[in-house]
Number of protein chains: 2
Amino acid sequence: MARELTHPAAADVSLDAVLAALADPVRRTILAQLARGHDDQACIAFELPVSKSTSTHHFRVLREAGLITQRYEGTAILNALRTDDVEARFPGLVSSVIEAERRARSDGGASAAR
Amino acid sequence: MARELTHPAAADVSLDAVLAALADPVRRTILAQLARGHDDQACIAFELPVSKSTSTHHFRVLREAGLITQRYEGTAILNALRTDDVEARFPGLVSSVIEAERRARSDGGASAAR
DNA sequence: ACCGTTGTACGACGCACGTCGTACGAGCCT
DNA sequence: AGGCTCGTACGACGTGCGTCGTACAACGGT
C-alpha cells in the first residue's frame, strides 16, 4: 500500500509550526543529534527519554513542520534534516537553535528549566 | 513599596524558556513591534488581539524568559528588548525569529497555521 | 510460513497554557 | 480629595499537547 510520508512543500513551512516544534526539548534533541551525526538515522537510533509511541509523535511533528524528511527503508524510517528548505525560508533560525541546544547540552547549563 | 520587576540574570536565560516564549504568536507580535519601533514603548501602545489581563500575562512571560526588560514610569511600564544579553547567549536566535516574523507578517504568508 | 523488527493508529489521561472578567493597587492630574 | 489611567492578582475555564499502553501493519530474515 501507500507507505507515503507527507511532507509540506518548502513554501508551506510556517513559522508558527516551526517554532512550536522547536519548543519541545525532546524534538530539539532529535534535531541536534541529526545535525551532529550523518543523515539517514533511523528513529530507533535516537536515545530519547520517552516511549516508542511518543517518539513517533515527535518525529511526525518535526516532519509536518517541515524540519525533517523521512523515507522508508524496509521497516525502518530514515530521517534527515531539511536544512536547505528551512534555511531558505527562515535564515539562521534553525541553525542557531541547534547550536544553542548543543551548547546548552554540553554546558553545565546555568538553569535547566521545566 | 516594591514596584520591582524581577528579571532573570543574563546567564540564567534558558533556551527552553526562550523558545517557549517565542512559540506564541502574540508574543512574537510584541517582539516584532518592539524591534521595529524605538524602545520604551508602554504596554498600552501595542495593538494585541487579546484582553488586558492576557496582555499582562504575555509581557510577564517575555520578561521572565529574559527577552525584554520592563521598568516603571509612573503607572505605565516601558518595555525594551534585551537584545544584547540574548544575542550573547543564543547568537542569531531571536534576531532571526523577529526577522522571520516580520516577513511572514508583510508577506502574504503561504499558510497561516493554528 | 513464521517470527522479530520497526513504526503507526487509536484512545485515554493529566497538566500546562492561553484566555477572560472582575476586583484591586499605584501613581498622576485637576 | 477625587477620579482617571495603567497595569496586576486571582480565580476560572477550555483546549491543546505530551505522555503512555496496547493492538496492529509492513517488511525482512531464517
Side-chain angles (χ1 to χ4, degrees), chain A residues 1-7 14-31 33-34 40-65 67-80 112-114, chain B residues 1-7 14-31 33-34 40-65 67-80 112-114:
Chain A
M1 59 86 74
R3 249 8 200 159
E4 306 264 321
L5 285 322
T6 62
H7 296 78
S14 86
L15 180 59
D16 225 80
V18 167
L19 287 175
L22 291 174
D24 187 280
V26 175
R27 290 194 286 264
R28 288 200 304 275
T29 302
I30 295 175
L31 292 180
Q33 179 168 338
L34 218 39
D40 297 344
Q41 306 181 55
C43 298
I44 274 288
F46 294 77
E47 296 179 8
L48 303 174
V50 293
S51 77
K52 203 169 50 161
S53 17
T54 304
S55 227
T56 296
H57 165 66
H58 286 308
F59 277 101
R60 178 210 289 266
V61 170
L62 286 173
R63 186 186 73 233
E64 293 183 342
L67 288 171
I68 65 173
T69 59
Q70 300 190 288
R71 62 185 178 84
Y72 277 100
E73 184 79 21
T75 67
I77 283 190
L78 301 187
N79 302 278
R114 234 284 174 59
Chain B
M1 58 85 72
R3 240 25 188 150
E4 306 265 322
L5 285 323
T6 62
H7 296 78
S14 86
L15 180 59
D16 226 81
V18 167
L19 286 176
L22 292 173
D24 187 280
V26 175
R27 291 195 285 264
R28 289 201 303 274
T29 301
I30 295 176
L31 293 180
Q33 179 166 338
L34 217 40
D40 296 345
Q41 305 182 57
C43 297
I44 275 288
F46 294 78
E47 296 179 7
L48 303 175
V50 293
S51 76
K52 203 169 51 161
S53 15
T54 304
S55 226
T56 296
H57 165 67
H58 285 308
F59 277 102
R60 178 209 289 266
V61 171
L62 286 173
R63 188 186 72 234
E64 294 184 340
L67 289 171
I68 65 173
T69 59
Q70 300 189 290
R71 62 185 179 84
Y72 276 101
E73 184 79 20
T75 67
I77 282 191
L78 301 188
N79 302 277
R114 233 272 177 64

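The sequence lines fix the lettering, A, B, ..., with proteins before strands; numbering per chain opens at 1.
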Next item on the list: Ignoring backbone atoms, test whether B:Thr54 places a side-chain nitrogen or oxygen under 4.0 Å from the OP1 or OP2 oxygen of C:dC20.
Entry: yes
Note to self: Between P on C:dC28 and OH on B:Tyr72, what's the gap in Å once rounded to a whole number?
What the structure shows: 12 Å
Notebook entry, point to check: Do A:Leu19 and B:Arg28 have side chains that get closer than 4.5 Å, going by heavy atoms?
Noted result: yes
Next item on the list: Classify the nucleic acid contact of B:Ala42 as base, sugar-phosphate or nothing, counting any heavy atom under 4.0 Å across all strands shown.
Entry: sugar-phosphate
Check: Under 4.0 Å between a side-chain N/O of A:Thr56 and OP1 or OP2 of C:dT8, yes or no?
Finding: yes
Next item on the list: Can you tell me the distance, in whole Å, between the CG atom of B:Asp24 and the P atom of C:dA16?
Entry: 18 Å
Check: For the pair made of CD in B:Gln70 and P in D:dC6, what is the distance, rounded to whole Å?
Finding: 16 Å
Note to self: Without decimals, in angstroms, what is the distance between B:Asn79 CG and D:dC6 C1'?
What the structure shows: 12 Å
Checklist line | Any B:Ser51 side-chain nitrogen or oxygen under 4.0 Å from OP1 or OP2 of C:dC20 | finding: yes
Checklist line | Per A:Lys52 side chain, nearest of listed nucleotides D:dA9, C:dT8, D:dG7 | finding: C:dT8
Next item on the list: Return the nearest nucleotide to the side chain of A:Thr75; candidates are C:dT8, D:dG21, D:dC27.
Entry: D:dC27
Checklist line | Between P of D:dC6 and CG of B:Asp40, the distance in whole Å | finding: 16 Å
Check: For the residue pair B:Ser55 and B:Leu48, what are the closest heavy atoms and their distance?
Finding: OG-CD1, 3.3 Å
Next item on the list: Answer yes or no: is there a side-chain heavy-atom contact under 4.5 Å between A:Thr56 and A:Cys43?
Entry: no
Notebook entry, point to check: Minimum heavy-atom separation for A:His7 to A:Thr69, with atom names?
Noted result: NE2-CA, 3.3 Å
Item checked: Angle of first-five versus last-five pair axes in the helix from C:dA1-D:dT30 to C:dT30-D:dA1, to 10 degrees -> 20°
Notebook entry, point to check: Judged by modelled atom types alone, do A:Gln70 and A:Asn79 share a side-chain donor-acceptor pair under 3.5 Å?
Noted result: yes
Check: What's the shortest heavy-atom distance between A:Gln41 and A:Ala45, and which atoms?
Finding: CB-CB, 4.4 Å
Next item on the list: Identify, residue by residue, the members of residues 57-65 of chain A with a heavy atom below 4.0 Å from DNA chain C, and return them in order of residue number, or none.
Entry: A:Arg60
Next item on the list: Rounded to the nearest angstrom, tell me the gap between atom CD in A:Gln41 and atom C1' in C:dG7.
Entry: 17 Å
Notebook entry, point to check: Which residue, A:Ser53 or A:Gly74, contacts DNA chain D at a nucleotide closer to its 5' end, judged by nearest heavy atom?
Noted result: A:Ser53
Next item on the list: Between D:dG7, D:dG18, C:dG18, spot the one nearest the side chain of B:Ala76, thanks.
Entry: D:dG7
Checklist line | Residue pair B:Ile68, B:Phe59: steps toward the side chain to side chain contact (heavy atoms under 4.5 Å, CB included) verdict | finding: CA-CA 8 Å; B:Ile68 65 173; B:Phe59 277 102; 3.9 Å; yes
Note to self: For a quick test of reading the model, state the closest non-hydrogen atom pair linking A:Arg63 to A:Thr6 and the distance between them.
What the structure shows: NE-O, 3.2 Å
Next item on the list: Let me know the distance between CD of A:Glu73 and C1' of D:dA26, rounded to the nearest Å.
Entry: 14 Å
Check: What are the two closest non-hydrogen atoms of A:Ala17 and A:Ala65, and how far apart are they?
Finding: O-CB, 3.8 Å
Item checked: Over all atoms of both residues, closest heavy-atom pair of A:Leu67 and A:Ala21 -> CD1-CB, 3.8 Å
Item checked: Between C1' of D:dG7 and CD of B:Glu4, the distance in whole Å -> 16 Å
